[in-house]
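The figures that follow rest on heavy atoms only: side chains count, while hydrogens, waters and symmetry mates do not. Treat the numbers as computed from the prediction; the structure is a model and nothing was measured.
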Amino acid sequence: MDKSKEEIIEEMQQVAQQMVLDDLEENPDIANEYFDCDCCGKNKCLAGSIRYGDYRLCNDCVLIAETGFALGKIKDIQDLMDAMEDKRLEELCNFVKDEEVRKAQMDN
């Protein structure tokens with residue numbers, strides 16, 4: 001019997017959540033380690049992240065990727081990277097704006 005779209009999404013959500021829990025159990029200090037996700041561009045917790053080739057994805061993007069694979073919506077990680085390009089660029093622009101505001105506040 002084929003799984004419904006909702007069942008696949010729910011299963012992937014549980015898998016992604018378990019990945020975070022497993023990482024935290026294995027290394028509790030990882031809760032305080034952050035990186036810039038190569039997919040969404042946000043600074044995210046390392047727990048639950050996965051490396052896909054040259055890219056490290058945060059747990060949220062892992063969920064999107066794995067759900068996309070399971071549903072046949074994306075064939076490889078580059079499809080997701082291409083689809084998320086605008087989101088990544090928006091995040092970078094926000095970072096630059098925030099840095100300019102911080103710099104201006106420090107100068108005053």
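- Residues Asn27 and Glu33 meet the side-chain proximity criterion, which asks for heavy atoms closer than 4.5 Å.
- In the hydrophobic clustering, Val101 connects to no other residue, as no ILVMFWY side-chain heavy atoms lie under 4.5 Å from its own.
- Between atom CE of residue Met84 and atom CD of residue Glu90 there is a gap of 10.0 Å, rounded to the nearest 0.5 Å.
- Between Glu99 atom CD and Met106 atom CE the span is 9.5 Å, to the nearest 0.5 Å.
- Contact check for Leu21 versus Glu25: no side-chain heavy atoms found under the 4.5 Å cut-off.
- We find the SG-NZ distance between Cys37 and Lys87 to be 10.5 Å, quoted to the nearest 0.5 Å.
- By the neighbour-count criterion of 12 heavy atoms within 6.0 Å, atom CZ of Phe95 is sparsely surrounded, having that number or fewer from other residues, nucleotides or ligands.
- Partners of Lys103 under the salt bridge (Lys or Arg N to Asp or Glu O under 4.0 Å) rule, at least two apart in sequence or in another chain, are Asp107.
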Under 3.5 Å, sequence neighbours excluded: what are the donor-acceptor pairs made by side chains of residues 44-66?
| unit_1 | atom_1 | unit_2 | atom_2 | d |
| --- | --- | --- | --- | --- |
| Lys44 | NZ | Asp60 | OD2 | 2.5 |
| Ser49 | OG | Leu46 | O | 2.7 |
| Ser49 | OG | Arg56 | NH1 | 2.8 |
| Arg51 | NH1 | Asp54 | O | 3.4 |
| Tyr52 | OH | Glu66 | OE2 | 2.5 |
| Tyr55 | OH | Gln78 | OE1 | 2.8 |
| Asn59 | ND2 | Ala16 | O | 3.0 |
| Asn59 | ND2 | Gly48 | O | 3.0 |

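- Taken together through direct or relayed side-chain contacts under 4.5 Å among Ile, Leu, Val, Met, Phe, Trp and Tyr, Val15 and Leu80 form part of one hydrophobic cluster.
- For the atom pair CD1 (Ile8) and CD (Glu10), the distance works out to 11.5 Å, reported to the nearest 0.5 Å.
- You'll find the side chain of Asp22 reaches within 4.5 Å of the side chain of Gln18, heavy atoms only.
- Within the 4.5 Å cutoff, no side-chain heavy atoms of Lys42 are placed close to those of Arg88.
- Follow the hydrophobic side-chain contacts under 4.5 Å out from Met19 and you never reach Ile9; the two are in separate clusters.
- With Asp79 contributing its side chain and Asp82 its backbone, the two residues share no donor-acceptor pair below 3.5 Å.
- Within the model, atoms CD of Gln13 and OG1 of Thr67 stand 7.0 Å from one another, a figure rounded to the nearest 0.5 Å.
- Here the side chains of Phe69 and Ile74 are in contact, with some heavy-atom distance below 4.5 Å.
- A continuous path of hydrophobic side-chain contacts links Phe35 to Val20 [ILVMFWY only; heavy atoms under 4.5 Å].
- Counting heavy atoms from C-beta on, the side chains of Glu91 and Cys40 never come closer than 4.5 Å.
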